[in-house]
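Read through the structure below, which is laid out as structure tokens, and then see the notes.
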Amino acid sequence: METKRDHSFFEQVYQLVRQIPEGRVTSYGAIARALGNAGSSRMVGWAMRTAHMAKPPVPAHRVVNRIGMLSGKRAFGSSTLMQQLLENEGVEVVDDRVVNFAAVFWAPSTG
DNA sequence: CGTCTGACAATAG
DNA sequence: ACTATTGCCAGAC
């Protein structure tokens with residue numbers, strides 16, 4: 001039984017991203033799938049872009065693409081801010097890419 | 001109300 | 001293995 005949410009797709013993404021623990025990262029596709037919108041991975045990224053104006057701060061810096069690349073670093077204002085945030089949590093980032101991505105990968109779960 | 005864009009992903013060449 | 005193209009669909013203009 002799926003818990004129907006009246007909130008928009010964006011808010012569903014926000015809530016999921018907020019569940020990402022520190023030192024962990026996830027991919028857009030993983031989030032899209034968890035929301036049942038597999039294939040709409042672009043929407044996830046689009047939601048993150050507007051996530052900066054979400055009420056509770058969304059750790060968008062913990063969300064990267066499938067290869068662990070900081071594709072959204074541009075949205076943080078500073079291209080290095082996203083990397084610094086990740087490194088601050090213990091996530092090693094080199095060349096705008098998460099080191100040992102599979103090890104720090106966090107599997108999203110709606111429930 | 002129609003069109004374009006977008007922090008991706010998967011497939012084909 | 002790498003590059004190019006298509007699909008996805010909801011927000012922004």
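Per chain, numbering begins at 1; letters A, B, ... match sequence-line order.
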>> Distance check needed: B/dA9 C1' versus A/Leu35 CG, whole Å only.
In response: 16 Å
> What nucleic acid atoms does A/Ser41 come within less than 4.0 Å of, heavy atoms only: base, sugar-phosphate, or nothing?
Replying inline: base
>> Classify A/Arg49 by what it touches in the nucleic acid, base, sugar-phosphate, or nothing, heavy-atom distance under 4.0 Å.
In response: base
>> Heavy atoms only, 4.0 Å cut-off, all strands: where does A/Ala38 land among base, sugar-phosphate and nothing?
In response: nothing
>> What's the closest nucleotide to the side chain of A/Phe10 if the choices are C/dA10, B/dA9, B/dC8?
In response: C/dA10
> For the pair made of CZ in A/Arg33 and P in C/dC8, what is the distance, rounded to whole Å?
Replying inline: 14 Å
>> Starting the side chain at C-beta, find the nucleotide from B/dA7, C/dC8, C/dA10 nearest to A/Ser40.
In response: C/dC8
>> Heavy atoms from C-beta onward define the side chain here; which of C/dC9, C/dG11, B/dA7 lies closest to that of A/Ala75?
In response: B/dA7
> Over how many whole Å does the gap from A/Asn65 atom CG to B/dA7 atom C1' extend?
Replying inline: 9 Å
> Which residue, A/Glu89, A/Arg18, A/Arg24, forms the side-chain contact (heavy atoms from CB on, under 4.5 Å) with A/Arg62?
Replying inline: A/Glu89
> In whole angstrom, what separates A/Arg42's CZ from C/dA10's C1'?
Replying inline: 11 Å
> For the side chain of A/Met48, counting heavy atoms from C-beta on, which of B/dA7, C/dA10, B/dC8 is nearest?
Replying inline: B/dA7
> Can you tell me how far P of B/dA7 sits from CD1 of A/Ile31, to the nearest Å?
Replying inline: 15 Å
>> So if I take every side-chain heavy atom of A/Arg66 and compare against C/dC8, C/dG11, B/dA10, which nucleotide ends up nearest?
In response: B/dA10
> Taking A/Glu92 as the fixed residue, which of A/Val98, A/Val104, A/Val99 is the one that meets the side-chain contact (heavy atoms from CB on, under 4.5 Å) rule?
Replying inline: A/Val99
> How long is the gap from CG on A/Leu16 to CD on A/Glu11, to the nearest 0.5 Å?
Replying inline: 12.5 Å
>> Can you measure A/Leu81 atom CG to B/dA7 atom C1' for me and round it to whole angstrom units?
In response: 14 Å
> Could you give the CG-to-P distance, from A/Leu85 to B/dA7, as a whole number of Å?
Replying inline: 18 Å
>> What's the closest nucleotide to the side chain of A/Met53 if the choices are C/dG11, B/dA7, C/dA12?
In response: C/dA12
>> Could you go through A/Val64 and A/Met82, starting from their C-alpha distance and side-chain angles, then the distance that decides it, and tell me whether this counts as side chain to side chain contact (heavy atoms under 4.5 Å, CB included)?
In response: CA-CA 10 Å; A/Val64 293; A/Met82 186 175 184; 4.0 Å; yes
>> Is there a side chain to side chain contact (heavy atoms under 4.5 Å, CB included) between A/Tyr14 and A/Thr50? Walk through the geometry before answering.
In response: CA-CA 10 Å; A/Tyr14 298 153; A/Thr50 62; 3.0 Å; yes
> Nearest-Å distance, CD1 (A/Ile67) to P (C/dT3)?
Replying inline: 12 Å
